[in-house]
Amino acid sequence: MKIDFWIDPACPFCWATARWVVDEVQPHRDIDVTWRPISLLFKNEPTPGTAWREGLEFTHGLLRVMESVRTTDGNDGVFRLYWEVGARIHHDEETPFDPAGALAAVGLDVSHAAAFDDDSWDVVIRASMDEAFALVGDDVGTPILALENSDGATTGYFGPVISRIPSTEKSLAMWDALVTMMDVDSFFELKRTRTESPDPGDRPTPDHVSAA
C-alpha cells in the first residue's frame, strides 16, 4: 500500500504520527510512505517578528533542503533528513541548527544546504500543499495522510493527531481502522479536546534510519 504523508518538521504532533507509522505500523503492514512537504509558514502566515514565525521560517527552510535532497537521493533521502531534523527539534530541542550538519549526519551531500535560503523551491512546496488541500480541504494542519482506498480512489485525512505512540497492538488497530474509514466517503471528522502535550518518546537511532 502506497501512502503520502505531508510533513512540516516544526509540528510535534506530526512527528508523533510519523513515529507511529514508521516505528509501529510499517514493520507489520506492507506500506510504502512518500514524504511530502507542507509549510506551516505558508499555511498559518504567523505575525512577522514573533518567535512562532521565526521557528516556522527555519523549518520552512528545512523543507526546501528536503526537496533539494529529493532530486538526488529520492524519497529515501527525504526520510533520512526528516528523521534527523525531527530528532534534533523534538528530542534534542536543538533549534535552529546548521542544515549542513544534519545532512552530513545522515550521509547526504552538504551542498543541499544552499536550498535553505533559495525561494525557488517554494513552487514545489506550494504545489505539494495544493495536492493535499485538494484531498482534505484547507482548514487543516499537519499531519495529512492519503492512500488509495478499496474503490481505487485516492482519499486523505488530516490526522490522526496523537500525543504519544500507542503500543504495537493498539497502533495496528488504529491503522486498520483508518484504512477502513478511507472507504467511507461520507465520513469527515472525529475530534476531542487535547489534554496533554506531545511526548516524542525515545530518540530514533541512526541504525533505525539506515534500516527504514
Q: Establish whether Val140 and Ile7 are linked, either directly or via other cluster members, by ILVMFWY side-chain heavy-atom contacts under 4.5 Å.
A: yes

**Q.** N/O donor-acceptor pair under 3.5 Å between His112 side chain and Arg70 backbone
**A.** no

Q. Can you tell me how far CD of Glu84 sits from CG of Leu62, rounded to the nearest 0.5 angstrom?
A. 11.0 Å

(Q) Tell me whether the count of non-hydrogen atoms from other residues, nucleotides or ligands lying under 6.0 Å of CD in Glu93 goes above 12. (A) no

Q: Taking the side chain as every heavy atom from C-beta outward, state whether Leu135 and Thr154 have any atom pair closer than 4.5 Å.
A: yes

(Q) Strictly distance-based, threshold 3.5 Å: is any side-chain N or O of Asp199 a donor or acceptor partner for the main-chain N or O of Arg164? (A) no

Q) Does Phe97 reach the side chain of Val85, with side-chain heavy atoms less than 4.5 Å apart? A) yes

Q. Would a 4.5 Å heavy-atom cut-off, applied to side chains only, mark Lys191 and Val161 as touching?
A. no

Q.
Quick one, Thr72 and Asp109 - any side-chain contact, counting heavy atoms below 4.5 Å?
A. no

**Q.** Remaining members of hydrophobic cluster (4.5 Å side-chain criterion), Trp121
**A.** Val124

**Q.** Between CE on residue Met174 and CD on residue Glu169, distance to nearest 0.5 Å
**A.** 13.0 Å

Q: Decide, yes or no, whether a salt bridge links Asp130 with Arg126 under the criterion of side-chain N to carboxylate O below 4.0 Å.
A: no

Q | Side-chain touch Leu41/Pro46, heavy atoms, less than 4.5 angstrom | A | yes

Q) Judged by atom type as modelled, is there a donor-acceptor pair below 3.5 Å linking the side chain of Tyr157 to the main-chain atoms of Leu178? A) no

Q. Under 3.5 Å, is there a donor-acceptor pair between the side chain of Glu148 and the main chain of Lys2?
A. no

Q: Establish whether Val179 and Phe187 are linked, either directly or via other cluster members, by ILVMFWY side-chain heavy-atom contacts under 4.5 Å.
A: yes

Q. Does the separation of the ring centres of Trp15 and Tyr82 fall below 6.0 angstrom?
A. yes

Q: Apply the test side chain to side chain contact (heavy atoms under 4.5 Å, CB included) to residues Ile125 and Arg64: give CA-CA distance (whole Å), side-chain angles for both, the deciding distance (0.1 Å), then the verdict.
A: CA-CA 8 Å; Ile125 294 170; Arg64 293 171 174 170; 4.0 Å; yes

Q: To the nearest 0.5 angstrom, please state how far the CZ atom of Arg203 sits from the CZ atom of Arg88.
A: 7.5 Å

Q.
As a quick check of understanding, evaluate side chain to side chain contact (heavy atoms under 4.5 Å, CB included) for Met129 and Ser39, giving each step before the final call.
A. CA-CA 8 Å; Met129 294 174 66; Ser39 171; 4.0 Å; yes

Q: Measure the shortest side-chain to side-chain distance between Pro204 and Arg19 over non-hydrogen atoms and say whether it is less than 4.5 angstrom.
A: yes

Q.
Working to the nearest 0.5 angstrom, can you tell me the gap between Arg36 CZ and Leu145 CG?
A. 12.0 Å

Q.
Could you check whether any side-chain heavy atom of Thr95 comes within less than 4.5 Å of a side-chain heavy atom of Phe58, counting everything from C-beta outward?
A. yes

Q) Less than 4.5 Å apart, any side-chain heavy atom of Val22 and any of Phe79? A) yes

Q. Should Leu63 and Leu56 be counted in the same cluster of Ile, Leu, Val, Met, Phe, Trp and Tyr side chains packed under 4.5 Å apart?
A. no

**Q.** Joint cluster assignment, Phe188 & Leu147, ILVMFWY side-chain distance < 4.5 Å
**A.** no

Q: Carefully, step by step, assess Ser171 and His28 under the rule side chain to side chain donor-acceptor pair (under 3.5 Å).
A: CA-CA 10 Å; Ser171 287; His28 304 280; over 6 Å; no

Q. More than 12 foreign heavy atoms under 6.0 Å from CG of Asp118: is that the case here?
A. yes

Q: Grab the two heavy atoms, one from Val65 and one from Pro99, that are nearest each other, plus how far apart they are.
A: CG2-CB, 4.4 Å

Q.
Just verifying a value: how many Å separate Asp73 CG and Leu81 CG, rounded to the nearest 0.5 Å?
A. 10.0 Å

Q: Mind checking the CG-OG1 spacing from Asp8 to Thr142? Nearest 0.5 Å is all I need.
A: 6.0 Å

Q | Aromatic plane relationship, Trp35 with Trp83 - under 30° parallel, 30 to 60° tilted, over 60° perpendicular | A | tilted

(Q) I'd like to know if the side chain of Arg29 and the backbone of Val21 have a donor-acceptor N/O pair within less than 3.5 Å. (A) no

(Q) Check whether Trp6 reaches the backbone of Ser128 with its side chain - one donor and one acceptor, N or O, closer than 3.5 Å. (A) yes

Q. Counting distance only, does the side-chain N/O of Thr17 pair as donor-acceptor with the main-chain N or O of Phe13 below 3.5 Å?
A. yes

(Q) Count I, L, V, M, F, W, Y as connected when their side-chain heavy atoms are under 4.5 Å apart, and connections chain through other members. Are Met66 and Val123 then in the same cluster? (A) no

Q) Considering residues, nucleotides and ligands other than Asp151, do more than 12 of their heavy atoms fall under 6.0 Å from its CG? A) yes

(Q) Given 3.5 Å as the limit, does a donor-acceptor pair link the side chain of Asn149 with the main chain of Met182, or not? (A) yes

